[in-house]
Amino acid sequence: MPIRLHDSLSRELRELKPSQPDGVFRFYNCGPTVYAPAHIGNFRTFVVNDVLRRLLELEFGAGKVKHVRNLTDVDDKTIQRARDEGRPLADVTTRWTEKFHADCAALNCLPPHEEPRATDPRYLREQVNMIEVLMDKGNAYRAPDGSVYFKVSSFKDYGRLSRVKERELQPGAALKAHAADADEKEDGSDFALWKAWKPDDGPNKWPGPKGAAEGRPGWHIECSAMNKALLGETIDLHTGGVDLLFPHHENEIAQSECCNGQTFARHWYHSEHLLVDGKKMSKSLGNLYTLDDLVAKGFSPMALRYALLMGHPRKQLNFTLDSLHAAESALATLSSNFHTINDPRNIVAGPEECHRFDEVFDQLSDDLNTPGALGKFFPAARELMATVKPTKADGGAFQRVLFAFGFQPLSLKQLAKGAVYDAPSGVTALAEKRWAAKLAKDYATADALRKELAAAGWSMADRKDGYSLEPAKKS
RNA sequence: GGCGCGGUAGCCAAGUGGUAAGGCCGAGGUCUGCAAAACCUCUAUGCGUCGGUUCAAUUCCGACCCGCGCCUCCA
C-alpha cells in the first residue's frame with residue numbers, strides 16, 4: 001500500500017515515492033543540537049521519524065531508503081556551554097552526541113545512514129562554497145563586521161512554506177529578537193549565513209567565504225550543505241518538528257533553491273509538539289523530562305517510545321506520567337501476546353500468508369496514524385489469542401508490526417513467565433524449601449516462606465511444573 | 001494583534017453525514033491451596049455550548065466559551 005503523508009507545503013496528503021532513477025528514497029530529518037541531553041519532546045520527533053523510516057524500508061526495501069540526520073555541533077548554545085565548562089567545544093559536543101546515541105539506542109531508533117556534523121571539514125567546505133555562490137548571485141551580502149547575510153528580498157518565493165507573508169508580526173517582536181545584530185543587517189528578516197568571530201566565541205573560528213571574516217556558519221546553511229553533499233540538490237522528503245517550519249526550513253529553501261536553482265525538497269513533513277501536563281515543556285515550569293528522568297522513576301525507554309506514539313504525530317500530544325503507566329501495561333500485553341503467538345507449541349499449520357494485520361499498515365500508511373494503527377493492532381492480536389490458533393505466518397506478521405512501530409517485546413524473563421532469575425543462593429534455598437512445603441501441602445510453612453522471600457525482595461510464582469523467582473515489583 | 005491546532009467515557013486517544021476503534025484504569029470471570037501473571041467478558045443513547053443545513057450531524061456551516069502552539073536561530 002502506498003504511503004501517504006501530509007505535505008506542509010501543499011497542505012495535503014501526498015504519496016511518498018523515490019524520484020531518482022536509482023529508486024532510492026532520499027530522506028532528511030533535522031537533528032539535535034548537542035549541548036545537553038535531548039528531552040522527550042525532541043524524542044517524539046525522532047521516534048516518529050524512526051517509524052516513518054521503518055515504514056519506508058518495508059515499502060521500498062531496506063537498501064532503498066537513505067536517511068540522513070545531522071548533528072548541530074556549533075552554535076551559540078554549544079559555544080556557551082563549552083565556555084561555561086572551560087572545555088573545548090569538541091569535548092562538549094562529543095559528550096552529548098554520545099549521550100544522544102545512547103538514548104536513541106535505548107528507544108530502539110535505527111541509526112540514520114549518515115549523521116553529518118556541521119563542523120566536519122567536508123561539510124564546512126560545502127557550506128562556505130554555497131555561501132560564496134549565494135554572494136556571487138546577489139542573494140547574500142557581507143555586513144560591516146564581516147558576517148554574511150542572506151538577502152530575503154532576493155528570493156521571491158520566500159515564505160511559501162510558512163506563509164509568512166500572511167502573518168502579521170507582533171509589534172516589536174522581530175526587532176526585539178534581533179537587537180543583537182540589527183545594525184549589521186540591511187533588513188530585519190535577513191538571516192545569517194556566516195557569523196563573524198566575536199571574543200565570546202573563544203577559539204572556535206574557521207576561515208570564512210571569500211571576503212568575509214573568520215567565524216562560523218549560521219545555523220540554517222548546514223542543513224542545506226549536508227543535503228546537497230549527501231542527498232543531492234533535490235531530495236524526496238525533509239522532516240522536523242513544527243517549530244522548525246519557520247524560520248529554519250523557510251531559510252533552507254531560500255538558500256538551497258537560490259544556490260542550486262532546483263527544487264530543494266519535494267515533500268515537507270512536520271510533527272507536532274509534545275506537551276507535558278498540558279503545557280509546552282520548559283525549565284521554568286519544571287515539566288521538562290529527559291529519558292534519564294523517566295528511567296529514574298522506574299519506567300522503561302520502550303514505554304516512552306510507546307507513549308510518544310499514542311497520539312497522532314500531527315497533533316499536539318499531552319504527555320503525563322499516567323500515560324507512561326498506560327504505555328508500560330500495553331507493552332506488557334503486546335509482549336505476552338508476542339510470545340504466545342510465536343510459541344512453537346501453539347503454532348498450527350495454515351496459509352503461507354497472513355493478512356490479519358493489514359489494517360495496521362493501512363493506518364500507518366495513511367499519514368502515519370500511529371494511534372489508529374495501535375487501535376487495529378490489539379483486536380487483531382486478541383483474535384489470535386482467543387478465537388484462532390496462530391500460524392507461522394501470523395507470528396511473522398506480528399513481528400513485522402512490532403518492527404514497524406520499533407517495539408522490542410519484553411523478554412519472557414522480563415515478563416517472568418516460567419523463567420528463573422539469578423537469585424542469590426540464600427534466596428534459592430528459601431524457594432526450594434517453600435516449594436517442598438507446598439508439594440507437601442504444608443501451606444502454613446509455604447506462606448511463611450513466601451513472606452520471608454518478600455522480605456528479601458523476591459517474589460515467587462508457582463507454575464505447573466515448578467516455580468520462578470523474580471525481583472519483587474517496586475511500586 | 002496575526003497565523004494555526006484542539007475540546008470524544010475516570011485518564012489517554014482514533015474516527016465517520018446514518019447513528020461511537022483501541023489502550024490504561026475499574027468490575028466480574030477462568031485458572032490457582034494462597035498470591036501473582038496470563039487469558040476471557042463488561043464499561044460513552046453520546047462526542048465543549050447554542051443555533052443552522054439535512055430524511056439523518058459527534059462528523060458540514062455560523063456564533064460563542066475554554067485550552068494549546070507559533071509569530072526569526074526551540075523537535
Side-chain angles (χ1 to χ4, degrees), chain A residues 29-33 38-49 72 75-77 152 162-164 166-171 173-178 188-192 195 218-220 239-248 250-251 270-275 278-282 306-307 310-312 314-320 322-334 336-337 339-340 359 363 369-380 382 385-387 415-418 438 441-444 446-447 450-451 454 459-464 468 470 472-473:
Chain A
N29 172 20
C30 280
T33 301
H39 56 65
I40 60 176
N42 297 317
F43 283 120
R44 180 186 196 193
T45 297
F46 299 130
V47 165
V48 163
N49 274 274
T72 298
D75 77 327
D76 289 345
K77 293 191 296 279
V152 166
S162 60
R163 299 186 175 182
V164 74
E166 296 166 32
R167 301 189 195 193
E168 215 174 275
L169 287 181
Q170 187 175 12
L175 279 180
K176 221 182 296 168
H178 281 271
S189 55
D190 292 347
F191 57 90
K195 303 178 95 160
W219 176 36
H220 316 295
T239 69
V242 269
D243 48 340
L244 297 184
L245 207 143
F246 184 82
H248 185 53
E250 199 71 74
N251 293 352
H270 294 92
S271 47
E272 254 296 348
H273 276 304
L274 183 73
L275 304 179
K279 304 272 185 193
K280 188 181 176 183
M281 277 184 290
S282 73
Y306 187 102
M310 288 196 321
H312 191 114
R314 289 201 300 110
K315 274 175 74 171
Q316 292 173 348
L317 172 64
N318 186 24
F319 175 89
T320 64
D322 279 348
S323 64
L324 258 194
H325 278 115
E328 202 85 73
S329 295
L331 217 41
T333 300
L334 288 179
S336 170
N337 291 352
H339 289 110
T340 302
E359 286 189 308
Q363 291 290 322
N369 187 346
T370 52
L374 287 171
K376 297 294 185 188
F377 189 23
F378 281 86
R382 186 194 313 291
M385 299 300 292
T387 49
L415 288 168
K417 276 186 76 175
K438 179 200 142 107
K441 296 199 192 295
D442 179 2
Y443 297 126
D447 287 350
R450 182 186 283 289
K451 276 185 187 159
S459 75
M460 183 166 172
D462 295 352
R463 309 285 168 196
K464 274 229 157 52
S468 71
E470 60 189 275
K473 272 199 174 165

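These figures come from a predicted structure and were not determined experimentally. Letters go in sequence order (proteins before strands), and every chain restarts at 1.
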Could you check whether [X] gets within reach of a base, just the sugar-phosphate, or nothing at all, counting any heavy atom under 4.0 Å?
X	result
A:Asp442	nothing
A:Gly375	base
A:Ser271	nothing
A:Lys315	sugar-phosphate
A:His273	base
A:Lys77	sugar-phosphate
A:Ser323	nothing
A:Leu317	sugar-phosphate
A:Arg450	base
A:Pro379	sugar-phosphate
A:Asp75	nothing

Using the six-membered ring wherever Trp is involved, compare the ring planes of A:Tyr306 and A:Phe378 and label them parallel, tilted or perpendicular (cut-offs 30° and 60°).
->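 Answer is perpendicular, since the angle exceeds 60°.
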For [N], give its Watson-Crick or G-U wobble partner with both distances under 3.5 Å, or none.
N	result
B:rC25	none
B:rU54	none
B:rA63	B:rU49
B:rA44	none
B:rC70	B:rG2
B:rA35	none

More 5' along RNA chain B: A:Gly372 or A:Lys376, using each one's nearest nucleotide?
->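 The residue mapped nearer the 5' terminus is A:Gly372.
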When the nearest nucleotide of RNA chain B is assigned to A:Asn42 and to A:Leu275 on a heavy-atom basis, which residue is associated with the more 5' position?
->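 Comparing both residues, the 5'-ward one is A:Leu275.
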Residue A:Thr45, side-chain heavy atoms: nucleotide from B:rA75, B:rU72, B:rC39 that is nearest |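 My answer, after comparing the listed nucleotides, is B:rA75.
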Has A:Tyr443 got its ring stacked on the base of B:rG33, with centres under 5.5 Å and planes less than 30° apart?
->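 Stacked: centres under 5.5 Å apart, planes under 30°.
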P atoms of B:rG10 and B:rG26, separation to the nearest Å |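 Taking atom P in both B:rG10 and B:rG26, they lie 16 Å apart.
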Considering only atom C1', compute the distance from B:rG7 to B:rA44 and round it to an integer number of Å.
->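 Approximately 16 Å lies between the C1' atom of B:rG7 and that of B:rA44.
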Do A:Asp75 and A:Thr33 have side-chain N/O donor and acceptor atoms under 3.5 Å apart?
->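 On atom types as modelled, these side chains do not qualify, holding no pair under 3.5 Å.
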